[in-house]
Visitor: 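Dropping the structure in here first, questions after.
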Amino acid sequence: MTIAEVVGAASAEAIGLSADACLKCNVCNTVCPVARVTDLFPGPKYVGPQAQRFRLGALLSPGTGEDSVVESPDKTVDYCSGCGVCSTACPAGVKIAEMNNRARGANRSGHVPRLRDWLLGQTDLTGWAGVLTAPIANWSLHNRLFRWLIDRFIGIDRRAPLPAFKAPPFRWRLGKRHRSAQLAGAPPPERAVVYFHGCAANYYEPHVAAAALEVLERNGYEVIVPPQVCCGLPLISNGLYGAARGRARRNLEVLARYARAGYRIVGTSTSCTHTLKSEYREMLDLDDADARAVADATWDICEFLLDLHDGDNLDTAFGTVAATLPYHAPCQLRSHGIGLPALDLFALVPGLEAIDTDHDCCGIAGTYGLKKEKYDIAMAVGEPLFRKIRSMGATEAACDSETCRWQIAAATGARLRHPVEILADAYRAADVAGPKSPARTEPAARSSPTAPAGG
Amino acid sequence: MPRADVAVVGVGLAGLTSAIALAEGGARVHVVATGFATTHWAAGGFDAGVVRGAATPQAAVDRLARKIGHPYRLVAAALPAALEWVRGILAEEGLTIVGGLSDPLRAIPTALGSTRIAAVLPDGMAAALAPWEPGETLVVCGPAGFRDFWPHAIVASLRRPGSWRGQPMPGRVEPVTVDLPGLAGRHNLSGLDIARAFDDPVWRDQALDTMARAVERLAGGDGRVALPAVLGLDDHAAVLEAARRRLPLLPFEVALAPPSVPGLRLYRALRAALLRRRGRLQIGEPVRGAVGEGHRVERLVGPAAAREFVLTVGAVVLATGGIAGGGIVGLDDGSLRETVLGLPVDAPLGDPWLLPDAFDPPGHPLETAGIRTDADLRPVAPRNVREPLAENVRIVGSLLAGQRYLRERCGDGVAIASALVASRSLGAHVAALAGPEHRLLASGSRAR
């Protein structure tokens, strides 16, 4: 048993105490994309396990209750982008990125949040405001004076990739068939999935949600889109844990009912699905039965489709998509621990040559690269990736995370697409190519829809 | 969940070379590892063996191969071919390896001012291998403010003939510290930071000019200059070429404490070679169990963000390392456990943990702990070596029982030789799997 395992078994402070397993071997420092490009961040080892002994809140001030937090003496932790590459690289199992995320939360706790950080966390608020005033809002986002003003007074870099609002929001485009708050009357879990669209697909990229619906329905699933709010990740990344817990509880209340009834929850935003799977429990300490049920039921859409394929339940009658497609696996996807399912799915599409760009992080890391003091860092982090995509002369590229897509598109001029859009294209290509409509695969009855994959 | 013809567990030298060899043979390979390790720490050379009285790596390997229970008994014959194969793979990725198994073992300077024995090294270090002439000067040159390389301390030790293991030493050894542009005010400066600075052609020229002037003053005639191993990461070949052109003495790199830049270059070259052969890498996945039937492993299982990570496999190569690498852990009762499949560990009898001298001349007995295998590197029980415990599993690298890789310095040689033996033996196996009904090879061959 490793020290990390002992600590994990014995203590609720598992993340913080995993610092004890650190060998000081420097592997995390060699892989950190931020430390690679700036001295403002000394590296995950210094900010993570080495600073950790100064901030073991409950241990340093016992008896002060669960809200006792100790501010990190090392303020450079704010320059951690939270990409998580360090945690995956650590040979000793130290939860470095998670530790740093919590330290950031502790540093913000009890302070009035900076307007910018608060605003970046309010994705539902800005989303609604944006789609309701879309023409004006989108004009403003491309207006130099407006961008200069929010750069100067709010701290969002005037060059940062802000996506355009698409009105009406995805939820308004849905028919009654999809929208449901009621379990009663929903099709059984063998024939239906719950779709978590997240903010991006609702306010900015309804076409991604539409592609997801198309692909899921093609495979015989009814799609239920219950009421939902922002997953809370932008709040977590900005250290606003309290508000994030509020969002989490609202989502859990609705989603847990479906999860318990055996429905799988499928999402197109790989960072939202990772939040549902892991961050509610690990970062927000919401480790109750609801959170566990939702975590176990949540699937990233490519992970879900590959699981269908595993059980021979995926409609593989894809038409030809003749393209060479650079694919960037986002750092958030790597934290799922599910491999690279999009590449496995792309391999099923005739004519499609997907190329793994093999770069750790595009730099944006959610809202990190939007911030004035971090924009240049984020661009430098992603530069090798941008260069690779530019040198391939690709006009299109694929990526599972929306903020990465916006960052890469802005930097390269390529059109960035979610893998599920490519699959939807491939199904449509089959429809156009063949006069006979391809056979729909009915999903086989599942004895337990939430059972682990690969069974 | 993903599928693979072969899953390789571990991302050190043995794991990566096994994966490349298998992918080269057409297998769909998926590498999973808890995290990075040996490549990021090690010096980036290829140590095949060091035994008292053996003048070449090959002589040392031959001697070790005669020891009962040593992994070289099973894989030494494959070593020459393995080294040439790895040399070719790395050359394709722009990394040159110099020296062969029959070349003399030489004493080369370390960053501590001692020397170590080597014969096969990356190009950047290779100039240290030629025997020193009495008329030669060795200048040890390092950047000011860099905590991992202290020229004056190194020189103080290298001036003592005893440091040179009885081999010829330079006539003169001189230290010099240089102020490289922009490094003075930087905190926590690591070798990796300086290597990245060298990747920038403009900074590189300024830095090399500064170093050239400093070395010039001390040179006076023939000689060589020892530099910390920081001559570029992405663009190492160009930096090395520029250093050779601009410095008045022939430069060579000296390996540093982790993070090891030459080790990172080696890792990156091997990773690129694997991806080029359409292999897959998943780092951050500690495989902690397997599901199988009879004597076959069918799925590997490990933790994930939710549920479990499950990898459906045709065969498995275990390259998780020995006790130092995490492939074997000690339990509270003093017994040892292999961490992925729970294979029986062949360990010395009695209580091997506590010795009067941690640096006992024969080495710590636990160093030899590992997994016993048959000639195909399939795991067997320590006392019943006839019957493989799992017919689609191969053991490679320092997880193999019977080696003292610290003392015998056989780790790199065992790693690449066992990788070749395992991949050859699985190659036939994989070809048999790859029938028309084998969905994965048929459908997955286009993805990279």
Side-chain angles (χ1 to χ4, degrees), chain A residues 1-2 24-31 35-36 39 42-43 46 84-85 87-93 273-274 276-278 282 292 294-299 303 306-307 310 316 327 334-341 343-344 346-349 352-356 358 384 450 452-455, chain B residues 1-3 30 32-38 40-41 185-190 192-193 196 234 257-261 263-264 271-272 275 280-286 291 299 301-312 325-326 329-332 337 339 439-440 443-448:
Chain A
M1 192 173 250
T2 65
K24 311 284 182 278
C25 76
N26 271 304
V27 160
C28 54
N29 284 344
T30 69
V31 299
R36 182 170 69 215
D39 281 353
Y46 304 108
V85 173
S87 292
T88 61
C90 177
T273 50
H274 184 257
L276 296 180
K277 278 182 178 185
S278 157
E282 228 171 33
R292 277 192 294 274
V294 169
D296 286 344
T298 300
W299 295 72
E303 178 193 17
L306 189 64
D307 187 59
D310 245 8
T316 53
Y327 168 72
R334 295 183 199 269
S335 299
H336 278 262
I338 55 175
L340 303 177
L343 283 182
D344 293 326
F346 288 156
L348 304 171
V349 178
L352 183 61
E353 170 108 21
I355 293 176
D356 182 357
D358 194 36
T450 53
Chain B
M1 281 291 163
R3 288 164 175 268
H30 195 120
V32 276
T34 306
F36 295 123
T38 48
H40 290 51
W41 300 344
R186 290 181 67 174
H187 293 287
N188 288 327
L189 194 63
S190 79
L192 187 57
D193 296 322
R196 285 178 177 142
D234 292 330
S260 162
V261 173
L264 280 166
R271 179 184 179 107
L275 292 180
R280 197 67 75 72
L281 277 126
Q282 187 174 346
I283 314 297
E285 181 53 62
V291 183
R299 287 191 289 279
V301 182
R307 300 181 297 276
E308 277 180 321
F309 170 73
V310 182
L311 179 62
T312 305
V329 292
L331 304 182
D332 292 346
R337 182 169 64 96
T339 52
R439 191 167 57 141
L440 195 97
S443 66
S445 54
R446 275 187 318 275
R448 272 186 210 169

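To find a chain, count down the sequence lines: A is the first, B the second, and so on, and within it residues start at 1.
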Visitor: Side chain, backbone, both or neither: which part of A:Leu276 has an atom under 4.5 Å from a heavy atom of chain B?
Guide: neither
Visitor: Relative to chain A, which of B:Ser260, B:Gly325, B:Ala306, B:Ser190 shows the most heavy atom pairs under 4.5 Å?
Guide: B:Ala306
Visitor: Which atoms form the tightest heavy-atom contact between B:Arg307 and A:Ala297, and what is the distance?
Guide: NH1-C, 4.1 Å
Visitor: Which bit of A:Arg36 is near chain B, if near means a heavy-atom gap under 4.5 Å: side chain, backbone, both or neither?
Guide: both
Visitor: What part of A:Val31 is in contact with chain B, defined as an atom under 4.5 angstrom from a non-hydrogen atom: side chain, backbone, both or neither?
Guide: side chain
Visitor: Not counting sequence neighbours, which residues clear side chain to side chain contact (heavy atoms under 4.5 Å, CB included) with A:Ser87? List them please.
Guide: A:Ile96, A:Ala97, A:Glu98
Visitor: Can you tell me which of A:Pro42, A:Cys90, A:Pro384 forms the most heavy-atom pairs within a distance under 4.5 Å of chain B?
Guide: A:Cys90
Visitor: What part of A:Tyr327 lies closer than 4.5 angstrom to a heavy atom of chain B: side chain, backbone, both or neither?
Guide: neither
Visitor: Which atoms form the tightest heavy-atom contact between B:Leu192 and A:Asn29, and what is the distance?
Guide: CD2-O, 4.2 Å
Visitor: Under 4.5 Å heavy-atom distance to chain B, tell me which part of A:Thr273 shows up: side chain, backbone, both or neither.
Guide: neither
Visitor: At a 4.5 Å cut-off on heavy atoms, which part of A:Ser335 comes close to chain B: side chain, backbone, both, or neither?
Guide: backbone
Visitor: Between B:Ala33, B:Pro259, B:Pro258, B:Ala304, which residue shows the highest count of heavy-atom pairs closer than 4.5 Å to chain A?
Guide: B:Pro259
Visitor: Given heavy-atom pairs under 4.5 angstrom as the criterion, report whether the side chain, backbone, both or neither of A:Cys25 touches chain B.
Guide: both
Visitor: Report the option among B:Gly284, B:Ala272, B:Ala305 that has the most heavy-atom pairs separated by less than 4.5 Å from atoms of chain A.
Guide: B:Ala305
Visitor: So which heavy atom on B:Arg3 is nearest to which on A:Asp310, and how close?
Guide: NE-OD1, 2.8 Å
Visitor: Sort B:Ile283 into side chain, backbone, both or neither according to what part of it lies under 4.5 angstrom from a heavy atom of chain A.
Guide: both
Visitor: Going by ring-ring contact (aromatic ring centres under 6.0 Å, His included), name the residues that satisfy it together with B:His40, two or more places apart in sequence or in a different chain.
Guide: B:Phe36, B:Tyr267
Visitor: Between the side chains of B:Arg280 and A:Asp344, is the shortest nitrogen-to-carboxylate-oxygen separation below 4.0 Å, so that they form an ion pair?
Guide: yes
Visitor: If you compare all heavy atoms of B:Gln282 against all heavy atoms of A:Ile338, which two are closest, and at what distance to 0.1 Å?
Guide: NE2-N, 3.7 Å
